[in-house]
Amino acid sequence: MRYIIYGAGGIGGGIGALLQLAGCDVVLIARGAHLDAMQQDGLLVRRPSGEQRVAVTAVGHPSELTFGDEDVVILTMKGQDTAGALDDLERCAGPELPIVCGQNGVGNERSVARRFLNAYGMLVVMPATFLVAGEIALFGEPRAGLLDSGRFPRGVDETVTQLCADLSRAGFNAQADADVMRLKHGKLLDNLGNAVGALCGETALRSAGDEVRAFMRRMCEEAIACYSAAQIDYAPRAEVGERRAATFSSGEIPGVERGGSSTWQSFRRGVPAIETDWLNGEIVLLGLEHDVPTPANRALQLMAKRALSSGLSVGSVPIGDIVALEEQLAAG
């Protein structure tokens, strides 16, 4: 198979580079200065064990490729960019193209399945940072990340089996899972706090003061109540945590900032949109559909939008401001 990685930042670049080093046929789709740097000098992959410059094939748009029956696309862009990517892929390759959602949240798979014949989900637990054009940092050792995959909404087929075999050979922990969305709903619980690190700063998140801990707990409780009301099965956070612990620990890379979540990295790079609508917004939507109050998730979603539109920097919003908005929303 040829793997086309659409959105070659920290996650996509890391998956693509390690697949290529394992002997797979890989193409990266990227944009801007990152694309220019990869086309000129390759992709610099930094890891705790050392660094390596990988000569990659990188293009700026699917129209630059000739698609064939052996192609599999792995989406690794943020959720807000999925719709545009699917428009491009359908125009260039048609609706039978297999598409794997290696993205946070649980809404991208539905978008793919609505338009394409073969939709797949991929659990992504992978400590990666992308802050500099042409460079990524992969902190996980001994394996770079956890990438269990399966068909959407459920099932395993030959594509999944081959994908997981290739990912395992490339240095990932990747198992075929017939109920991968159960894992992704469990992972979503951990991603609900992504914007807290971006707004309040990773120091506040890591020190986890009482107010931060209580707010994070309320967001998680809202999500679990929504899952229960919607009869959605999910992997407990401890289960995902055990799989992560069996896969890697996060090492140090000299001269490389560890950074924070994907949302933190988006704020840090000054991108014009973030993925909060596909994380906290997913819980808000479930709450509306099933009459479950979600003021904590809505407050973080709204505050992230306000911060982005105001051009605020990382760590510029006190947790107290988010809690005050939560209380206002809860009071109606």
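When reading the values below, keep in mind they use all heavy atoms of this one structure, side chains included, and skip hydrogens, waters and symmetry mates.
- A salt bridge links Arg46 and Glu51; the closest N-O separation between the charged side-chain nitrogens and carboxylate oxygens is under 4.0 Å.
- Ser309 contributes a side-chain N or O that, together with a main-chain N or O of Arg306, makes up a donor-acceptor pair within less than 3.5 Å.
- For Ile253 against Ala137, the heavy-atom pair with the smallest separation is CD1-CB, 3.9 Å.
- Taking all atoms of both residues into account, the shortest heavy-atom contact from Gln301 to Thr276 is CA-CG2, 3.7 Å.
- Note on Arg151 versus Asp179: no salt bridge recorded, every NZ/NE/NH1/NH2 to OD/OE distance being 4.0 Å or above.
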Under 3.5 Å, sequence neighbours excluded: what are the donor-acceptor pairs made by side chains of residues 318-332?
| residue | atom | partner | partner atom | Å |
| --- | --- | --- | --- | --- |
| Glu326 | OE1 | Arg218 | NE | 3.3 |
| Glu326 | OE1 | Arg218 | NH2 | 2.9 |
| Glu326 | OE2 | Arg218 | NE | 2.7 |

> After noting the C-alpha distance and the side-chain angles of Arg31 and Asp36, does the key distance pass the salt bridge (Lys or Arg N to Asp or Glu O under 4.0 Å) rule?
Replying inline: CA-CA 8 Å; Arg31 59 191 176 186; Asp36 295 340; over 6 Å; no
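- In this structure, Glu135 and Phe130 have side chains that are not in contact, with every pair of non-hydrogen atoms separated by 4.5 Å or more.
- When the side chains of ILVMFWY residues are joined at heavy-atom separations under 4.5 Å, either directly or via intervening members, Leu199 and Val196 end up in a single hydrophobic cluster.
- The side-chain heavy atoms of Val256 and Thr129, taken from C-beta on, include no pair separated by under 4.5 Å.
- Remark: side-chain polar atoms of Asp148 are paired, donor with acceptor, to backbone N or O of Gln175 under 3.5 angstrom.
- When atom types are taken as modelled, the side chain of Ser228 and the backbone of Ile224 share no donor-acceptor pair closer than 3.5 angstrom.
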> Taking it one step at a time, do Asp190 and Lys187 satisfy salt bridge (Lys or Arg N to Asp or Glu O under 4.0 Å)?
Replying inline: CA-CA 5 Å; Asp190 281 332; Lys187 170 70 174 353; over 6 Å; no
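- For the pair Leu147/Val124, a side-chain contact is recorded, criterion being any heavy-atom separation below 4.5 Å from C-beta on.
- Put simply, the side chain of Ser149 does not reach to within 4.5 Å of the side chain of Tyr120, judged on heavy atoms.
- Once rounded to the nearest 0.5 Å, the distance linking CG of Asn173 with CZ of Arg244 reads 12.5 Å.
- Note on residues 64-77: pairs passing side chain to side chain donor-acceptor pair (under 3.5 Å), not counting sequence neighbours, are Arg2-Asp71.
- Taking both residues in full, the closest heavy atoms of Val160 and Ala176 are given as CG1-CB, 3.6 Å, listed atom of the first, atom of the second, then distance.
- The shortest distance between side-chain heavy atoms of Ile99 and Leu89 falls below 4.5 Å.
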>> Could you walk me through whether Asp25 and Met1 satisfy the side chain to side chain contact (heavy atoms under 4.5 Å, CB included) test, starting with their C-alpha distance in whole Å, then the side-chain angles of each, then the deciding distance to 0.1 Å, before giving a yes or no?
In response: CA-CA 7 Å; Asp25 189 5; Met1 290 194 294; over 6 Å; no
Identify all side-chain donor-acceptor contacts of residues 3-17 below 3.5 Å with residues at least two apart in sequence or on another chain.
| residue | atom | partner | partner atom | Å |
| --- | --- | --- | --- | --- |
| Tyr3 | OH | Asp166 | OD2 | 2.6 |
| Tyr6 | OH | Asp88 | OD2 | 3.2 |

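- Shown here are the ring-ring contact (aromatic ring centres under 6.0 Å, His included) partners of Tyr227, two or more places apart in sequence or in another chain: His185, Tyr234.
- Arg154 meets the salt bridge (charged side-chain N to carboxylate O under 4.0 Å, His left out) test with no other residue; sequence neighbours excluded.
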> Where do Ser249 and Glu141 land on the side-chain hydrogen bond (donor to acceptor under 3.5 Å, both in side chains) test, with the steps shown first?
Replying inline: CA-CA 6 Å; Ser249 59; Glu141 293 285 357; over 6 Å; no
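- Between Pro153 and Met181, the shortest heavy-atom distance links the atoms O-CG, 3.9 Å.
- In this structure, the separation between SG on Cys220 and CE on Met216 is 9.0 Å, given to the nearest 0.5 Å.
- A chain of hydrophobic side-chain contacts below 4.5 Å, direct or via other Ile, Leu, Val, Met, Phe, Trp or Tyr residues, connects Met77 to Leu65.
- Between Gln103 and Thr82 there is a side-chain heavy-atom pair separated by less than 4.5 Å.
- Val125 and Leu163 end up in different hydrophobic clusters when Ile, Leu, Val, Met, Phe, Trp and Tyr side chains are linked at under 4.5 Å.
- Remark: the backbone N or O of Glu96 is paired with a side-chain donor or acceptor of Asn118 at under 3.5 angstrom.
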>> Arg53 vs Leu43, test: side chain to side chain contact (heavy atoms under 4.5 Å, CB included). Steps then yes/no.
In response: CA-CA 6 Å; Arg53 190 170 293 279; Leu43 179 62; over 6 Å; no
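- The shortest distance between side-chain heavy atoms of Val212 and Cys200 does not fall below 4.5 Å.
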>> Run the side chain to side chain contact (heavy atoms under 4.5 Å, CB included) test on Arg47 and Leu18 for me, step by step, so that the C-alpha distance in whole Å, both residues' side-chain angles and the decisive distance to 0.1 Å come before the verdict.
In response: CA-CA 12 Å; Arg47 305 188 69 179; Leu18 296 190; 4.1 Å; yes
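- Scanning both residues, Gly140 and Pro127, for their nearest heavy atoms gives N-CG, 3.6 Å.
- Phe172 CZ to Met122 CE: the interatomic distance, rounded to the nearest 0.5 Å, is 8.5 Å.
- In this structure, the side chain of Ser168 engages the main chain of Ala174 through a donor-acceptor pair within 3.5 Å.
- Leu183 CG to Leu123 CG: the interatomic distance, rounded to the nearest 0.5 Å, is 5.5 Å.
- Follow the hydrophobic side-chain contacts under 4.5 Å out from Leu97 and you never reach Leu19; the two are in separate clusters.
- The hydrophobic clustering, which links ILVMFWY residues whose side-chain heavy atoms are closer than 4.5 Å, places Met126 and Val100 together.
- Heavy atoms only, all atoms of each residue included: Leu28 and Val26 are closest at CD2-CG1, 4.0 Å.
- To the nearest 0.5 Å, atoms CD (Glu275) and CG (Leu279) are separated by 4.5 Å.
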>> Checking Glu109 against Lys184 for the side chain to side chain contact (heavy atoms under 4.5 Å, CB included) test, could you report, in this order, the C-alpha distance in whole Å, the side-chain angles of both residues, the deciding distance, and whether it holds?
In response: CA-CA 11 Å; Glu109 288 82 0; Lys184 295 199 69 168; 2.5 Å; yes
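- Using a 4.5 Å heavy-atom cutoff, the side chains of Trp278 and Gln80 are in contact.
- Between Glu239 and Arg182 a salt bridge is recorded (basic side-chain N to carboxylate O distance below 4.0 Å).
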Let me check something: any side-chain donor-acceptor pairs from residues 280-295 under 3.5 Å, sequence neighbours excluded? List them with distances.
| residue | atom | partner | partner atom | Å |
| --- | --- | --- | --- | --- |
| Asn280 | ND2 | Leu192 | O | 3.0 |
| Asn280 | ND2 | Asn297 | OD1 | 3.0 |
| Glu282 | OE2 | Arg110 | NH2 | 3.1 |

